[in-house]
Every structure is written in C-alpha cells, then in structure tokens.
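Just so it is clear, the values below take in all heavy atoms, side chains as well, and ignore hydrogens, waters and symmetry mates. Computed from a predicted model, the values in this text were never measured in an experiment.
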Amino acid sequence: MPAVVVVGTQWGDEGKGKATDHLGSDVDIVVKFNGGNNAGHTVVVDGEKYALHLLPAGILSKGVTPIIGNGVVIDLEVLFEEIDALEARGMDTSALRISADAHIIPSYNRLLDRTSEKFLGKRQLGTTGRGIGPTYADKMNRIGIRVQDLFDESILRQKVEGALLNKNHLFTKVFNKPKVDVDEVTRELLSYADRVKPMVVDGSLLANNALDEGKTVLFEAGQATMLDIDHGTYPFVTSSNPTAGGACTGSGVGPTRIDAVVGVSKAYTTRVGEGPFPTELFGAEGDELRERGGEFGVTTGRPRRCGWFDAVVSRYASRINGLTDLVVTKLDVLTGYQQIPVCVAYEVDGQRVDEMPLDQTAFHHAKPIYEMLPGWSEDITGVRSFDDLPEAARRYIERLEELSKCRVSVIGVGPGRDEVIVRHQFDL
C-alpha cells in the first residue's frame with residue numbers, strides 16, 4: 001500500500017489543506033513533516049471553516065492518526081490553543097501524535113525573529129515573526145530544544161542556558177533588549193510537559209510500522225516548492241524543505257517507500273511576503289483577483305499578492321518533486337473572465353526562457369510571456385464531472401496539464417470539502 005506526499009507547487013496557500021483532507025478520508029495516517037505555525041490551511045467541513053496551523057489536516061478525518069513529524073518546529077502555546085479551539089467546536093483531537101524528535105520554538109526565538117526582521121529595515125524578508133527561522137537555525141547549530149527534552153528538567157535547563165549564552169549578548173548589546181531569564185523560559189516550557197507527554201511517540205517507527213501493516217500514510221507539507229530553503233526563490237524562502245524530499249527527512253520514512261507525489265496548485269498564482277513574482281498583477285487587476293479568491297493569509301491575515309498561472313514554476317515544481325499527480329484548486333475563481341492569460345515562458349534580457357532561470361537576478365528580471373485562453377461565464381461550483389465543465393474551462397485545465405507536464409487528477413470548484421471534480425483516481 002502506498003505512501004503519498006502532498007506538496008504545494010507555488011508559493012504556498014494553494015489549498016493543500018483541502019487536498020490533504022480530501023485524500024485523508026482514504027488514508028490511515030497523516031504526517032506533517034516540515035514548518036511550524038507560520039503556515040495555515042483552511043478546510044471547510046459541512047459549511048464550517050477550520051483554520052489549521054500546526055495540526056495536520058488529517059485531524060479532521062475520523063479514523064485517521066495525525067502525526068506532527070520530527071521535521072516540524074512546534075510552538076507549544078499555539079499547539080494547545082489550536083487543540084482547545086477545535087475541541088470547543090466538538091472535534092476530537094485525541095488521536096494526535098507528536099514525534100519526540102521535533103524541535104520546540106522557545107519564546108526567545110519569537111523575540112529574536114521579530115527583532116531581527118525589524119533590524120533588517122529595507123532588506124526585510126517578510127517572515128511571520130513566529131520564531132520559525134531561529135528555531136531551525138538552533139537545530140542546525142545543535143543548540144535546539146526537542147520535545148523529548150521536556151521530560152528531563154536538568155537537561156532542559158542546560159539546553160536553554162546554552163542557547164541563551166550568545167543570544168542574550170545579542171539581545172542586550174545589539175538590539176538593546178532585556179536579558180532573557182533562563183529559569184523563566186525553563187519553567188514556561190516545563191508547564192507543557194504533562195499535557196504533551198501522552199502524545200509523544202517515535203514518529204518514524206509509527207509511520208513505518210503502518211506501511212508494513214498495509215496501511216496508507218500521507219505526508220503533508222507546509223508552505224510550498226518555491227519557498228523551499230534549497231529550491232525556492234532564496235533568500236525569500238522558508239527555513240525548511242517543503243518539497244517531496246523533505247517528507248523523508250521530516251518523518252523518518254525512507255525514499256524507497258514513497259509511491260506517489262501529489263502537487264497542489266491554484267488555477268492562478270499567489271504569494272505572501274517579499275521576493276520576485278513574475279506574473280504578479282498590480283492595481284485594479286490584482287485587487288479584483290484578490291477579492292474574487294479571498295486571498296488573505298490564514299495565519300497572518302496579510303493580503304496575498306496575486307497573479308496569473310505560471311507554467312514555468314509549475315514545470316519546475318513537477319521536476320523538483322517528481323510529481324505523479326496535480327490538484328488544481330479555485331478554478332471557480334476565474335469564472336467571468338473573457339480571456340485568461342497563462343504564463344508559458346519568460347523573457348530575460350531579450351531572450352525567451354522556457355525553464356526556471358539559473359540565477360536569482362535573472363528570475364527577478366523575468367518578464368512573463370503569456371498565452372491567452374478563452375474564459376467562461378457559467379457557474380461551475382455545482383459541477384462534479386470534468387465532462388460537465390464548460391468547454392473553455394476544460395480547455396484551460398488541459399492546457400495547464402500539458403504545460404505542467406503532469407496529469408491534473410483533481411479540480412477544486414469551490415471552497416467546500418465536496419466541491420471537487422475527481423478526474424483521475426489516485427492509486428491508493
């Protein structure tokens with residue numbers, strides 16, 4: 001039975017939560033393998049909206065075991081706020097499991113994130129200020145705090161003290177901030193130990209055993225391909241690997257066990273934060289697309305930058321992730337446009353470029369080359385068969401499929417859980 005990875009193919013916010021939730025009804029375990037509460041999914045169930053940040057989308061599917069993998073960084077305060085909010089609405093979160101090896105976001109890293117970003121001035125990266133980057137940096141610098149450390153007070157205090165040796169010099173001497181107290185941070189982290197302990201597992205062992213037993217495991221990425229620390233629009237990226245390879249390192253499941261990689265893309269493109277965005281629309285055009293799609297961040301509330309579909313980015317994501325299937329969301333948002341531009345290539349220094357430019361400078365200066373496709377005016381939110389879509393909508397999807405070099409298997413035609421067209425069944 002398969003292990004299936006779900007990744008975003010653009011700059012995030014593509015609708016991975018809905019795609020994961022849709023697949024989640026057919027799987028046994030959902031593992032979130034990267035990121036933290038700097039990303040968000042909105043899932044609509046029976047007309048009710050659920051905004052998920054740290055929790056895997058599988059938390060909303062009965063019979064599914066959701067796991068927060070070792071590749072995730074966890075703000076414990078946010079985690080329990082999210083759990084409490086779901087339980088207050090009648091959702092059962094008791095199946096949640098957390099890898100003992102996942103790193104914790106301490107309060108001093110939230111402070112460092114916000115202060116450092118402000119200190120950059122015009123060179124700001126557009127981070128969410130939630131301590132994600134500094135916590136991943138601590139991980140690489142081997143001064144991070146893991147979930148398992150909560151259960152040994154002596155070890156925990158030593159690790160907090162070690163992490164603050166250099167950071168307190170930075171806070172007091174560079175940022176003119178008060179010194180962070182070691183004991184205060186230790187007490188705060190220990191206050192979560194009893195509640196989190198029953199959830200803690202060996203995430204790698206749990207997921208691999210499930211596969212051995214013939215169960216299906218789905219791996220859910222936070223953010224997306226173009227925000228990958230290695231393969232994205234560096235330095236305007238996240239601090240982890242939300243690409244398919246990250247599913248293995250962030251969960252402890254080997255690459256030979258992965259059977260399918262499902263990419264999720266909007267029928268157009270959005271991005272939050274700074275960085276190059278070749279197909280971005282400005283003024284009234286951008287405002288219209290933003291309002292049509294309700295493009296405001298789940299986590300931050302920030303208005304998203306909006307633009308037309310970028311097939312160069314889509315082809316790149318297909319190659320980087322080894323996509324087997326593509327889910328295209330929000331096709332209904334494009335209803336009413338007489339013509340819909342699709343970026344098929346770039347112009348860089350007067351030359352046509354069909355693949356992702358080699359360097360950041362070229363990508364920054366890339367100008368989109370558009371192909372105009374006919375639009376449609378019919379309401380498609382009630383359509384459940386590909387053949388029942390207006391001809392122009394079918395042609396649009398078929399052209400995206402051709403340009404992306406990956407079959408489009410599922411199409412989102414509305415925000416609801418069931419507002420999808422299944423064009424090809426996943427091989428689950």
- Note on the structure: Checking His364, Glu274, Arg271 against Thr233 for side-chain hydrogen bond (donor to acceptor under 3.5 Å, both in side chains), the one that qualifies is Arg271

- Query: Hey, does the Lys NZ or Arg CZ of Arg302 hover above the aromatic six-ring of Phe296, less than 6.0 Å from the centre and inside 45° of the axis?
  - Reply: no

- Query: Is the closest basic N to carboxylate O distance between Glu295 and Arg304 below 4.0 Å?
  - Reply: yes

- Query: Between Phe236 and Trp11, is the gap from one ring center to the other below 6.0 Å?
  - Reply: no

- Give me the one residue out of Val201, Ile67, Leu76, Ile74 that meets side-chain contact (heavy atoms from CB on, under 4.5 Å) with Ile98. Ile74

- Query: Got a second to check how far His53's NE2 is from Arg130's CZ, nearest 0.5 Å?
  - Reply: 8.0 Å

- SB check Arg352 Asp354 (cutoff 4.0 Å): yes

- Message: Measuring only between side-chain heavy atoms, which start at C-beta, is Gln10 closer than 4.5 Å to Phe309?
- Response: yes

- Item | side-chain contact (heavy atoms from CB on, under 4.5 Å) between Leu373 and Arg399, intermediate numbers included | CA-CA 9 Å; Leu373 297 177; Arg399 186 59 176 142; 3.9 Å; yes

- Decide whether a cation-pi geometry holds between Arg305 and Phe277; the criteria are a distance under 6.0 Å from NZ or CZ to the six-membered ring centre and an angle within 45° of the ring axis. no

- Query: Is any side-chain N of the basic residue among Asp138 and Lys167 closer than 4.0 Å to the acidic one's carboxylate O?
  - Reply: yes

- Item | Lys367 to Tyr346, cation-pi by 6.0 Å centre distance and 45° axis angle | no

- Message: I'd like to know if Glu401 and Arg423 make a salt bridge, using a cut-off of under 4.0 Å between side-chain N and carboxylate O.
- Response: yes

- Message: Between Arg195 and Asp84, does any NZ, NE, NH1 or NH2 come within less than 4.0 Å of an OD or OE carboxylate oxygen?
- Response: yes

- Query: Does the pair Asp113/Arg110 count as a salt bridge with the N-to-O cut at 4.0 Å?
  - Reply: no

- Quick one: does NZ or CZ of Arg292 land under 6.0 Å from the six-membered ring centre of Tyr337, within 45 degrees of the ring axis? yes

- Side chains of Lys139 and Thr135: is there a donor and an acceptor less than 3.5 Å apart? no

